[in-house]
Protein chains: 2
Amino acid sequence: MTTDTHLKQHDATREKLLASAYCEIRRQGYQGASINNILESTGLTKGALYHHFANKQALGLAVIDEVIAVNLNDWFIQRIRDSATPVETLLDVIAQLGARLDEEAILLGCPLNNLIQEMSPLDEQFRHRLNVILEDWQSAIDSALHKSQQQGRIKPEIDCSAAALFILSAWEGCIGMAKNRQSIRPFQICLEQLQGYIRSLMIL
Amino acid sequence: MTTDTHLKQHDATREKLLASAYCEIRRQGYQGASINNILESTGLTKGALYHHFANKQALGLAVIDEVIAVNLNDWFIQRIRDSATPVETLLDVIAQLGARLDEEAILLGCPLNNLIQEMSPLDEQFRHRLNVILEDWQSAIDSALHKSQQQGRIKPEIDCSAAALFILSAWEGCIGMAKNRQSIRPFQICLEQLQGYIRSLMIL
DNA sequence: ACGATTAGATACCAAACGGTATGGATGTGT
DNA sequence: ACACATCCATACCGTTTGGTATCTAATCGT
């Protein structure tokens with residue numbers, strides 16, 4: 001076996017563990033996530049897990065850094081940053097969110113927000129890494145609003161940083177409330193209101 | 001001992017258990033809440049607990065019904081329903097929220113939202129009871145907006161039910177985001193934006 | 001080709017978990 | 001006053017938890 005395939009194999013089991021842990025944490029929360037469940041669904045054993053991760057906390061932090069942050073970056077942050085018409089792209093992304101999420105995804109909620117609510121008061125390392133992601137996200141929205149403001153698409157008196165924070169909060173709030181209503185309809189209504197708020201920042 | 005004092009004693013230990021369970025759940029989440037911790041902080045034992053509650057789930061549900069729902073009702077719903085100028089009262093309550101919560105309260109988040117995020121996908125009984133509270137809350141905001149709309153304080157084209165859902169979501173979202181920032185300042189900024197949204201529904 | 005390192009399986013562990021069975025007080029109804 | 005129910009403490013139980021020690025292959029560096 002060459003070095004490359006070996007490294008690939010190494011990474012493969014690590015990725016399997018990460019993916020499985022991500023799933024389990026998403027369903028049960030971090031505290032409720034069972035190491036044995038994670039291993040069972042991968043077919044691996046504790047030997048493999050504790051070879052790649054020092055303990056449960058390290059596994060959880062790796063899920064945050066290597067799964068959640070990456071997903072958010074691909075799905076949201078990059079698209080907003082790269083857009084020539086950022087506010088419109090922001091509205092687009094929100095619309096896609098309402099249209100594409102199925103009921104199960106809504107029931108499980110936002111992986112980032114789930115961990116924030118559960119772990120922020122309990123573990124400073126969790127809190128800090130989640131905070132970094134959150135600030136990155138807010139900064140992306142802030143920049144998008146600012147850019148659009150310079151394009152004359154957003155009212156000059158708007159405080160873009162404050163608006164970005166509110167959009168982020170309301171976004172997570174919408175997903176969070178939807179988690180408790182089994183239907184997808186209130187979620188879409190809520191997102192429409194959020195879009196309405198964003199449009200109220202814009203010049204007609 | 002008379003019947004009255006006996007009943008009071010009975011209720012007293014039950015209330016002690018509820019209060020302690022509320023505290024523990026607020027700090028650790030429901031799954032993370034330890035029965036032994038709850039008992040230790042009351043000085044009671046398992047005999048007492050399992051005399052008053054069938055199991056941990058029943059204790060958790062009682063905390064929802066008898067502590068969280070009651071608190072929310074006293075602090076928010078009644079004040080909104082009783083107000084002659086509901087939108088103004090709503091804005092007041094939000095302002096008080098931003099001014100009165102200390103850092104610890106923010107770090108621990110909203111007890112209702114905490115349980116929603118943790119338990120909605122895991123336990124149908126939890127989900128249902130939390131949903132009842134949520135709908136009650138939304139309905140209170142809805143009625144408040146509607147009443148103010150009839151008073152000519154809110155624009156006639158506003159969909160009060162949708163706006164109420166969004167206000168609720170954004171509210172919880174603000175508290176949820178604040179949970180991750182140790183400072184109280186972003187929380188206040190976020191609430192100011194929420195107030196701005198509500199004012200945008202009003203007639204100047 | 002051979003010693004050293006890495007990957008991962010197996011078996012085990014102490015601690016914490018929620019929950020139960022029993023028994024002794026204390027109070028209640030008649 | 002006596003039978004009965006209520007309230008709660010003590011001791012215990014089986015299960016699950018995250019974590020460790022050990023051992024065997026496989027692979028790497030030289």
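Throughout, a chain's letter reflects where its sequence line sits, starting with A, and its residues are numbered from 1.
- When the side-chain nitrogen and oxygen atoms of Ser34(A) are compared with OP1 and OP2 of dT16(D), none of them lie within a distance under 4.0 Å.
- In terms of the ring pair (Phe, Tyr, Trp, His ring centres under 6.0 Å) criterion, Phe53(A) has no residue partners (sequence neighbours excluded).
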Identify each donor-acceptor pair in which a side-chain atom of residues 182-190 of chain B lies under 3.5 Å from a protein atom, sequence neighbours left out, and give them as a table.
unit_1: Ser183(B); atom_1: OG; unit_2: Arg185(B); atom_2: N; d: 3.0
unit_1: Arg185(B); atom_1: NH1; unit_2: Gln188(B); atom_2: OE1; d: 3.2
unit_1: Gln188(B); atom_1: NE2; unit_2: Gly98(B); atom_2: O; d: 3.1

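- Summarising the geometry, the separation between CD on Glu24(A) and C1' on dT17(D) is reported as 13 Å, rounded to the nearest angstrom.
- For the pair Gly60(A) and Ile25(A), the tightest heavy-atom approach, listed with the atom from each and the gap, is CA-CD1, 4.4 Å.
- Counting to the nearest Å, the C1' atom of dC8(D) and the CG atom of Asp11(B) are 15 Å from each other.
- Distance CG (Leu49(A)) to P (dT10(C)): 15 Å, rounded to an integer number of Å.
- Residue contacts shown for Leu44(B) are limited to sugar-phosphate atoms, with no base heavy atom under 4.0 Å away.
- For the pair Lys16(B) NZ and dC7(D) P, the computed distance is 15 Å after rounding to whole Å.
- For dC8(D), the OP1/OP2 oxygens have a side-chain nitrogen or oxygen of Thr13(B) closer than 4.0 Å.
- Whole-Å rounding puts the Gln31(B) CD to dT16(D) P distance at 15 Å.
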Which side-chain N or O atoms in residues 61-77 of chain A pair as donor and acceptor under 3.5 Å with protein atoms at least two apart or in another chain?
unit_1: Asp65(A); atom_1: OD2; unit_2: Arg129(A); atom_2: NH1; d: 2.3
unit_1: Glu66(A); atom_1: OE1; unit_2: Arg14(A); atom_2: NH2; d: 2.9
unit_1: Glu66(A); atom_1: OE2; unit_2: Arg14(A); atom_2: NH2; d: 2.4

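- Distance, Arg14(B) CZ to dC8(D) C1': 15 Å, rounded to whole Å.
- Listed by chain and residue number, Arg27(A) satisfy the salt bridge (Lys or Arg N to Asp or Glu O under 4.0 Å) test with Glu104(A) (two or more places apart in sequence, or in another chain).
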Please set out all donor-acceptor pairs under 3.5 angstrom arising from side-chain atoms of residues 85-94 of chain A, sequence neighbours excluded.
unit_1: Glu88(A); atom_1: OE2; unit_2: Arg153(A); atom_2: NE; d: 2.8
unit_1: Glu88(A); atom_1: OE2; unit_2: Arg153(A); atom_2: NH2; d: 2.7
unit_1: Thr89(A); atom_1: OG1; unit_2: Ser83(A); atom_2: OG; d: 2.4
unit_1: Thr89(A); atom_1: OG1; unit_2: Thr85(A); atom_2: O; d: 3.1

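- Lys56(A) forms no cation-pi arrangement with Tyr50(A), by the criterion of a distance under 6.0 Å to the ring centre and an angle within 45° of the ring axis.
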Could you write out each protein N or O paired with an N or O of nucleotides 19-22 of chain C at a distance under 3.5 Å?
unit_1: dG19(C); atom_1: OP2; unit_2: Tyr50(B); atom_2: OH; d: 3.0
unit_1: dG19(C); atom_1: OP2; unit_2: Lys56(B); atom_2: N; d: 2.8
unit_1: dG19(C); atom_1: N7; unit_2: Lys46(B); atom_2: NZ; d: 3.0
unit_1: dG19(C); atom_1: O6; unit_2: Lys46(B); atom_2: NZ; d: 2.6

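- One atom, CG of Leu59(B), and another, C1' of dC17(C), lie 15 Å apart when rounded to the nearest Å.
- Atom-to-atom, CG of Leu39(A) to C1' of dT16(D) comes out at 14 Å; the value is rounded to the nearest Å.
- A close approach under 4.0 Å does not occur between any side-chain nitrogen or oxygen of His51(B) and OP1 or OP2 of dT6(D).
- Among residues two or more places apart in sequence or in another chain, the ring pair (Phe, Tyr, Trp, His ring centres under 6.0 Å) test is passed with Tyr197(B) by Phe166(B).
- With sequence neighbours left out, the side chain to side chain contact (heavy atoms under 4.5 Å, CB included) criterion links Ala48(B) to Leu44(B).
- Note that the two end axes of the helix from dA1(C)-dT30(D) to dG23(C)-dC8(D) enclose an angle of 10°, each drawn from 5 base pairs, rounded to 10 degrees.
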